Amino acid sequence: MTRTLTRLVRLYPRAWRERYGHGLAALLDDIPATPAAVIDLLRGAAVAHVRQRPRAATWLLAAVITVAAEVASVQAGVTANVLWAPTDPRRAVFLALTLAPTLVTLWLTSPRSPRPALRRAA
């Protein structure tokens with residue numbers, strides 16, 4: 001197993017590595033460290049973390065989308081800062097796009113959410 005691939009296995013969650021790490025190490029012994037293998041390991045680590053912490057992943061995604069919407073608002077000349085009033089339809093649309101990810105995430109992760117897959121088991 002190459003040194004690069006060995007380091008990438010450390011990106012997986014500890015519980016996952018303890019359960020599947022030896023099997024993955026055996027598979028990686030026969031695989032060269034190609035860009036495709038590196039990308040696959042990175043994707044696998046991200047998926048393992050998302051499956052382990054779906055609420056955290058949902059909030060992270062909402063934060064990324066919110067930042068992207070804010071950057072788009074500034075680039076479009078709608079606002080020059082983080083807070084603005086919806087004084088015209090264009091500004092109202094951009095404000096709604098900026099706030100929507102957080103509001104949807106609050107709804108999806110609330111204890112009364114109809115989507116139990118995003119709630120943490122007690």
Side-chain angles (χ1 to χ4, degrees):
M1 176 170 34
T2 65
R3 184 178 208 106
T4 302
L5 297 180
T6 302
R7 288 182 181 156
L8 291 176
V9 172
R10 291 186 220 156
L11 295 175
Y12 284 78
R14 180 177 300 180
W16 191 97
R17 286 192 321 262
E18 289 172 359
R19 186 170 182 180
Y20 303 110
H22 296 294
L24 181 59
L27 286 173
L28 295 177
D29 282 339
D30 299 329
I31 299 173
T34 63
V38 170
I39 290 170
D40 193 43
L41 284 171
L42 290 172
R43 183 195 58 78
V47 168
H49 280 285
V50 167
R51 286 184 178 158
Q52 190 173 21
R53 296 177 196 89
R55 287 182 106 178
T58 303
W59 277 106
L60 179 61
L61 179 61
V64 168
I65 293 170
T66 299
V67 169
E70 183 62 38
V71 169
S73 299
V74 172
Q75 292 293 322
V78 173
T79 185
N81 58 26
V82 177
L83 300 173
W84 70 89
T87 55
D88 61 46
R90 181 174 167 222
R91 288 173 66 97
V93 167
F94 274 92
L95 182 60
L97 290 174
T98 302
L99 295 175
T102 302
L103 296 174
V104 169
T105 302
L106 277 170
W107 177 71
L108 288 175
T109 59
S110 72
R112 298 178 195 179
S113 173
R115 301 205 37 183
L118 293 176
R119 285 186 286 167
R120 228 18 232 225

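Computed from a prediction, not measured in an experiment: that's the story for all the values here.
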Contacts under 3.5 angstrom, residues 38-51 side chains, donor-acceptor by atom type, not counting sequence neighbours:
unit_1 : atom_1 : unit_2 : atom_2 : d
D40    : OD1    : R43    : NH2    : 3.0
H49    : ND1    : R53    : NH1    : 3.1
H49    : NE2    : L11    : O      : 2.7

## Note on the structure
Going by chain and number, the hydrophobic cluster around I65 (ILVMFWY, side chain to side chain under 4.5 Å) further includes L61
### Query
Excluding sequence neighbours, so at least two apart, what forms ring-ring contact (aromatic ring centres under 6.0 Å, His included) with Y12?
W16
### Message
Suppose we screen for ring-ring contact (aromatic ring centres under 6.0 Å, His included). Which residues come up paired with W59, at least two apart in sequence or across chains?
### Response
none
### Inter- and intrachain pairs under salt bridge (charged side-chain N to carboxylate O under 4.0 Å, His left out), touching residues 93-108, at least two apart
none
### Query
Which residue pairs pass the salt bridge (charged side-chain N to carboxylate O under 4.0 Å, His left out) test with at least one member in residues 11-25, sequence neighbours excluded?
none
[X]: partners by side chain to side chain contact (heavy atoms under 4.5 Å, CB included), with sequence neighbours left out:
X: V104; value: L108
X: A69; value: T98
X: A37; value: L5, I31, T34

### Query
Between T79 and E70, which heavy-atom pair has the shortest distance, and what is it?
CG2-OE2, 3.9 Å
### Task
Check P13 against Q52 and note the closest heavy-atom contact, atom names and distance.
CB-OE1, 2.8 Å
### Query
Do L103 and L95 sit in the same hydrophobic cluster, where Ile, Leu, Val, Met, Phe, Trp and Tyr count as joined when their side-chain heavy atoms come under 4.5 Å apart?
yes
